[in-house]
Amino acid sequence: TYNALINGLCSNRKIESALKVFDQMGRKGCLPNVKTYNEMINGFCMTAKIEKAMVLFNRMLKVGPPPNRITYNTLINGYCKCGYLSNAMRLLDFMKENGCEPDEWTYTELICGFCKVGKLELASKVFDEMVERSLSANEVTYTALIEGHFKSGEVDVALSLLERMEEMGGELNVQTYNVVINGFCKENMLSEAEKLLEKMIERGLLPNVVTYTSLVDGLCKNGAVHLAFRVVDEMVKQDCMPNLHTYSVLVYGLCQEGKAEEAEALIGEMEAKGLVLDEVTYTSIIDGFVMLGRLDHAFSLLKRMVSAGCKPN
RNA sequence: ACUAACAGAUCUUGA
């Protein structure tokens with residue numbers, strides 16, 4: 001009961017409330033088990049409070065319950081997510097010393113972490129260690145590597161990894177396609193991206209809002225805002241609704257073309273749909289008016305942002 | 001219902 005509750009609170013980023021429940025349950029004679037601790041640790045990691053996660057971890061080491069593989073994986077992921085890769089590697093050693101065998105998840109998290117900070121060499125070292133331990137890379141591992149190579153501009157390597165994935169059998173999933181489509185878009189290879197979109201549909205996969213938003217962004221950033229709107233029409237036809245990210249990309253695209261007025265109209269449409277604008281959307285539109293020299297209006301949007309309860313960062 | 005991969009802005013990225 002308590003675990004379900006804590007998990008629910010953590011997934012909703014209510015870590016403070018989760019902590020209250022966590023502290024209370026002990027007093028009510030129900031001691032937290034490993035899963036409870038893991039959930040709390042993950043909750044802290046997801047909100048970038050790794051130090052607090054480590055406090056709980058140390059308590060587990062001292063008074064139990066002893067950490068298991070999931071505890072270690074969760075913490076390693078937490079360190080990876082905030083770029084502390086050396087701490088993540090230290091935890092890998094520590095878990096081995098304590099007789100806890102790393103698994104595919106452990107290595108995949110580290111590979112992803114190294115890819116995210118552009119350390120492809122280290123990512124492939126981790127990959128090799130994983131293989132030496134006769135663990136096999138799965139679609140998540142490969143997708144992380146593909147993304148890493150795209151972000152480092154090594155499109156050819158990324159594509160050869162994709163081929164390898166296909167050769168090893170198994171269909172690619174939507175998320176893998178998304179990474180490649182977004183990679184192409186970021187490299188301004190829009191026709192490749194569109195070809196891949198068609199291919200995934202042919203293979204019976206349903207593109208989702210991330211797929212379409214990547215394309216919309218690619219088009220906007222290549223001076224084809226009008227085509228971006230056609231993609232949005234298409235996604236709506238496919239019953240895939242544009243979300244905050246999608247609109248935000250369009251707002252930015254319009255503003256970059258000097259069409260801040262049109263962007264503002266779009267914002268009206270977002271509000272009418274009940275979407276809540278965030279600081280990213282506001283920054284785009286404010287910047288749009290700044291670029292037009294209309295500082296008065298930029299400031300009034302800033303006010304509107306604050307009164308809408310959105311905190312400027 | 002304990003852990004891993006995907007989309008948006010601004011500023012910065014120093015010999």
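Owing to the predicted nature of the structure, the values given are computational and were not obtained by experimental measurement. Throughout, a chain's letter reflects where its sequence line sits, starting with A, and its residues are numbered from 1.
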**Message:** With the stacking rule set at 5.5 Å and 30°, tell me whether A/Trp105 counts as stacking on B/U3.
**Reply:** yes
**Asked** By a strict heavy-atom criterion of less than 4.0 Å, which residues belonging to residues 79-104 of chain A are in contact with RNA chain B?
**Response** A/Lys81
**Candidates B/C2, B/C6, B/U3 - which lies nearest the side chain of A/Lys35** = B/C2
Would you be so kind as to tabulate the donor-acceptor pairs closer than 3.5 Å made by side chains of residues 86-93 of chain A, with sequence neighbours excluded?
residue : atom : partner : partner atom : Å
A/Asn87 : OD1  : A/Arg90 : NH1          : 3.1

**Request:** Report the distance from atom CE of A/Met46 to atom C1' of B/U3, rounded to the nearest whole Å.
**Result:** 10 Å
**Fill in**
When rounded to whole Å, the CE to P distance for the pair A/Met60 and B/U3 reads 14 Å
**Asked** Hey, does the side-chain of A/Asn138 have a donor or acceptor N/O within less than 3.5 Å of a partner on the base of B/A4?
**Response** yes
**Fill in**
Rounded to whole Å, CG of A/Asn3 lies from P of B/A1 at a distance of 10 Å
**Message:** Distance check needed: B/A4 C1' versus A/Leu135 CG, whole Å only.
**Reply:** 13 Å
Just the atom pairs and distances: protein N or O near nucleotides 7-11 of chain B's N or O, under 3.5 Å.
residue : atom : partner  : partner atom : Å
B/A7    : N1   : A/Asn243 : ND2          : 3.0
B/G8    : OP1  : A/Lys186 : NZ           : 3.4
B/G8    : O3'  : A/Lys221 : NZ           : 3.4
B/G8    : N7   : A/His245 : ND1          : 3.4
B/G8    : N1   : A/Asp278 : OD2          : 2.8
B/G8    : N2   : A/Ser248 : OG           : 2.9
B/G8    : N2   : A/Asp278 : OD1          : 2.8
B/G8    : N2   : A/Asp278 : OD2          : 3.4
B/G8    : N2   : A/Thr281 : OG1          : 3.1
B/G8    : N3   : A/Ser248 : OG           : 3.1
B/A9    : OP1  : A/Lys221 : NZ           : 3.1
B/A9    : O4'  : A/Ser284 : OG           : 3.4
B/A9    : N1   : A/Asn313 : ND2          : 3.3
B/A9    : N3   : A/Thr283 : OG1          : 3.4
B/U10   : OP1  : A/Tyr252 : OH           : 3.2

**Request:** Mind listing the closest non-hydrogen atom pair of A/Leu215 and A/Glu194 along with its distance?
**Result:** CD2-CG, 3.9 Å
**Message:** At 4.0 Å (heavy atoms only), tell me whether A/Glu39 reaches a base, stays on the sugar-phosphate, or touches nothing.
**Reply:** sugar-phosphate
**Request:** Check whether the ring centres of A/Tyr37 and A/Phe22 lie less than 6.0 Å apart, and answer yes or no.
**Result:** yes
**Message:** Expressed as a whole number of angstroms, how long is the span from A/Asn38:CG to B/A4:P?
**Reply:** 12 Å
**Message:** Determine whether a donor-acceptor pair (N or O, by modelled atom type, separation under 3.5 Å) exists between the side chain of A/Ser152 and the backbone of A/His149.
**Reply:** no
**Request:** Return the value, rounded to whole Å, for the distance between atom OH of A/Tyr37 and atom P of B/U3.
**Result:** 18 Å
**Asked** Can you check the A/Ile76 CD1 to B/A5 C1' distance for me, whole Å?
**Response** 16 Å
**Prompt:** Between A/Asn68, A/Asn73, A/Thr74, which is the residue that forms a side chain to side chain donor-acceptor pair (under 3.5 Å) with A/Asn38?
**Reply:** A/Asn68
**Complete:** Residues A/Arg133 and A/Pro102: closest non-hydrogen pair is NH1-CD, 3.7 Å
**Asked** With sugar-phosphate meaning primed atoms plus P, OP1 and OP2, does A/Thr74 contact a base, only sugar-phosphate, or nothing at under 4.0 Å between heavy atoms?
**Response** sugar-phosphate
**Asked** Nearest-Å distance, CG (A/Leu75) to C1' (B/C2)?
**Response** 12 Å
**Prompt:** Regarding A/Tyr247 and A/Glu269, is there a side-chain donor-to-acceptor distance under 3.5 Å anywhere?
**Reply:** yes
